[in-house]
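Worksheet: one structure, shown below.
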2 protein chains.
Amino acid sequence: MSAVPSKVEEIVCTLRTEILSGQYRVGERLPSERDLASRFESNRGGIREVIKKLEQLGIIEVTPGGVRVRPVEEATLEVLGYLLELGEIQKPDLFAQVLDVLGAMFSLSVRSAIDRATDEDISEIATIIEGLIESITDDSVEKHHELWMTLTEKMIAVHQNLVLKLIGNGLRTRFMAGINSPDFEPVIDQEAVRQVLNDLKNAVEEKNSELAGRAIIRHFDLMKSGLVDFSEQSADTESQRRTGHA
Amino acid sequence: MSAVPSKVEEIVCTLRTEILSGQYRVGERLPSERDLASRFESNRGGIREVIKKLEQLGIIEVTPGGVRVRPVEEATLEVLGYLLELGEIQKPDLFAQVLDVLGAMFSLSVRSAIDRATDEDISEIATIIEGLIESITDDSVEKHHELWMTLTEKMIAVHQNLVLKLIGNGLRTRFMAGINSPDFEPVIDQEAVRQVLNDLKNAVEEKNSELAGRAIIRHFDLMKSGLVDFSEQSADTESQRRTGHA
DNA sequence: AGACCAAAGTGGTCTGACCGATTTGGTCTG
DNA sequence: CAGACCAAATCGGTCAGACCACTTTGGTCT
């Protein structure tokens, strides 16, 4: 991706945000190509390129007669990242839903990897998990996330499930970008996480895919419970902001 | 979607198939916009619209200097359906991978639904599962699939997990189209399927989400084992075709 | 209220132009 | 013969304008 977004990309971003934030109702027509060209001081050809990208995302439907907005539930997985980026106006509980799905995905991933792993693979995976445990001790969030990415890539290299990879493309990168933001600090019981990771490591070394899968689920459940606490905190903070208190 | 595909859509389909079937190597440049316009007897503006759609799919990267092919592993989930449609040239074991992921998704879906369902929801879900069991007795594949769609929609209506919905958009519709094709006849132990569905129904009625989740996994494992048998059969058939035998 | 119809407006497709960035191929040098 | 250099060719990005078939809109009539 080029460093400087093209004019078409900038317009894509603006319209996508407008659509996903609900500025247009489902079924409503977007302004015409000529109107959009005028608004963005662009040309009809460029606007048509923009519309093709939004159509491919699944959030609009193009027909002679006009371009209409489709329900976000019928879009592609790619819109998820953009929804998450909308921050405060995101759908209720979207993060929790992402965590549920991530947990199921990782659980399947670790089970598939263990079922196909060589002893060398097992050793490598266990080493990465040890690093995760250490990063809790070192209180290094950045390293923790880095190692989750490494673990993800290692497991995919072992089981080579393309479907998991493709779902991960639309899920993990945007989501990890979200949880890496400085505003996101869920309250998580670090000791419980350490215990779960230890259980995961043991299950991996014993080549027990069922136990490993369960440990992953427990891990994501912990993140979810921390998210609930975090949402309540941020809801409080938001309420304070509205009443003008620090 | 209009009944008659536009010229742009036809070109999108042709180039997407060429790219996904490996006609271009990763990193290789596509023919230029002007060359493609000439090949398809079209115009550069239309070709640029085509390229924007392929870019949004994640299978090409557009920069000044040329359009290059990206690895399919880095694409969006949407390409999965097109890969499945490629039939014989599909990636080895792709169907099995889809089934693994579908199983995990459905398992999470049924667990999430049970955890949030009212008694009325539970009753409706159980009724749908009873219909699934009956469709095995009636040997009605079409009704069976129809009811799976109904069950899917009902569970989504209950748990309202947007992420599952979006993944399902890119996974289920194309996949179901695939398994509805007359060429696809996996050998499945119908009695075992009936038993699993019965267990699922009981788990639903008892509001036991763990058991229900396991029943779903067992169901998809059965489909997977049937797929393996089917792949071996179709591999044999393919071998016979190549040697010129009926 | 419903039918009808002309006008206006929509997207689909096309031609041609210009510009900045990248690639290509030839030439020269060590 | 490899590497550097550079001009030409080619690439994608953006633009203006035209024409056509289809859809929407608004006025008129019954």
Side-chain angles (χ1 to χ4, degrees), chain A residues 1-16 18-19 23-71 74-76, chain B residues 1-16 18-19 23-71 74-76:
Chain A
M1 194 71 72
S2 69
V4 177
S6 64
K7 192 162 188 177
V8 163
E9 281 309 315
E10 287 183 353
I11 300 173
V12 165
C13 182
T14 301
L15 288 176
R16 182 179 63 219
E18 288 181 359
I19 293 168
Q23 195 160 320
Y24 305 92
R25 285 172 286 105
V26 169
E28 183 177 352
R29 279 197 314 192
L30 255 58
S32 70
E33 293 174 1
R34 292 167 180 86
D35 279 346
L36 291 171
S38 178
R39 169 184 163 188
F40 291 103
E41 293 178 3
S42 182
N43 63 93
R44 243 193 97 208
I47 296 298
R48 288 185 64 79
E49 293 177 27
V50 170
I51 286 175
K52 287 304 178 188
K53 294 203 79 169
L54 298 175
E55 179 187 40
Q56 187 57 51
L57 265 183
I59 56 178
I60 61 169
E61 176 181 33
V62 187
T63 58
V67 177
R68 296 181 190 277
V69 174
R70 297 177 79 237
E74 293 177 24
T76 70
Chain B
M1 192 71 74
S2 69
V4 176
S6 64
K7 191 162 191 178
V8 163
E9 282 308 316
E10 288 182 354
I11 301 172
V12 166
C13 182
T14 300
L15 287 177
R16 183 179 63 219
E18 288 181 358
I19 293 168
Q23 195 161 318
Y24 306 92
R25 284 172 287 102
V26 169
E28 182 178 351
R29 279 199 314 193
L30 255 57
S32 71
E33 294 174 359
R34 293 166 178 89
D35 280 348
L36 290 171
S38 180
R39 169 184 162 188
F40 290 104
E41 293 177 3
S42 182
N43 64 91
R44 241 192 101 209
I47 295 299
R48 286 183 67 78
E49 292 177 29
V50 169
I51 285 173
K52 288 301 178 188
K53 293 203 80 170
L54 298 177
E55 179 187 40
Q56 188 56 52
L57 264 184
I59 57 180
I60 61 170
E61 177 182 32
V62 186
T63 58
V67 177
R68 298 180 188 279
V69 173
R70 298 177 79 235
E74 292 178 23
T76 69

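If you take CD of Glu28(A) and C1' of dT24(D), they are 15 Å apart, rounded to a whole angstrom. For the pair Glu9(A) CD and dG13(D) C1', the computed distance is 12 Å after rounding to whole Å. If you take CD of Glu49(B) and C1' of dT14(D), they are 14 Å apart, rounded to a whole angstrom. A straight line from CZ of Arg29(A) to P of dT23(D) spans 12 Å, rounded to a whole angstrom. Distance Lys7(A) NZ to dT14(D) C1': 8 Å, rounded to the nearest Å.
Shown here are the side-chain contact (heavy atoms from CB on, under 4.5 Å) partners of Gln56(B), two or more places apart in sequence or in another chain: Lys53(A), Gln56(A), Leu57(A). Glu74(A) pairs by the side-chain contact (heavy atoms from CB on, under 4.5 Å) definition with Arg70(A), Pro71(A), not counting sequence neighbours. Legend: residues meeting side chain to side chain donor-acceptor pair (under 3.5 Å) with Arg16(B), ordered by chain and number and at least two apart, are absent.
Between Arg48(B) and dC15(D) there is no side-chain polar atom (N or O) within less than 4.0 angstrom of OP1 or OP2. Distances shown here put every side-chain N or O of Ser6(A) at or beyond 4.0 Å from the OP1 or OP2 atom of dG13(D).
Contact check on Glu61(B) versus Arg68(B) returns no salt bridge, with no Lys/Arg side-chain nitrogen under 4.0 Å from an Asp/Glu carboxylate oxygen. A salt bridge links Lys52(B) with Glu55(B): the distance from a Lys NZ or Arg NE/NH1/NH2 to an Asp or Glu carboxylate oxygen falls below 4.0 Å. Between Glu10(A) and Lys7(A) there is no salt bridge, since no side-chain nitrogen of the basic residue lies less than 4.0 Å from a carboxylate oxygen of the acidic one.
Where DNA chain D pairs in unbroken runs of 3 or more (Watson-Crick or G-U, both distances under 3.5 Å), the stems are C:1-30 with D:1-30.
Minimum heavy-atom separation, Gly46(A) to Val8(A): O-CG2, 3.8 Å. Summarising the geometry of Asp35(A) relative to Pro31(A), their closest heavy-atom pair is CB-CB, 4.1 Å, with the distance given to 0.1 Å. Considering all non-hydrogen atoms of both residues, Ile60(A) and Ile51(A) come closest at CD1-O, 3.5 Å. Looking at every heavy atom in both residues, Leu54(A) comes nearest to Val12(A) through CD2-O, 4.1 Å.
With hydrogens and angles ignored, the 3.5 Å screen pairs no side-chain donor or acceptor of Ser38(B) with any backbone N or O of Glu41(B).
Between chain A and DNA chain C, the heavy-atom contact criterion of under 4.0 Å yields a 5' to 3' nucleotide range of dT10(C) to dT13(C).
The residue among Asn43(A) and Gly65(A) whose nearest nucleotide of DNA chain D lies closer to the 5′ end is Asn43(A).
Nucleic acid contact class of Gly66(A) (heavy atoms, under 4.0 Å, all strands): sugar-phosphate only.
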Which pairs, protein N/O on one side and nucleotides 17-21 of chain D N/O on the other, fall under 3.5 Å?
residue : atom : partner  : partner atom : Å
dA18(D) : N6   : Arg44(A) : NH1          : 3.4

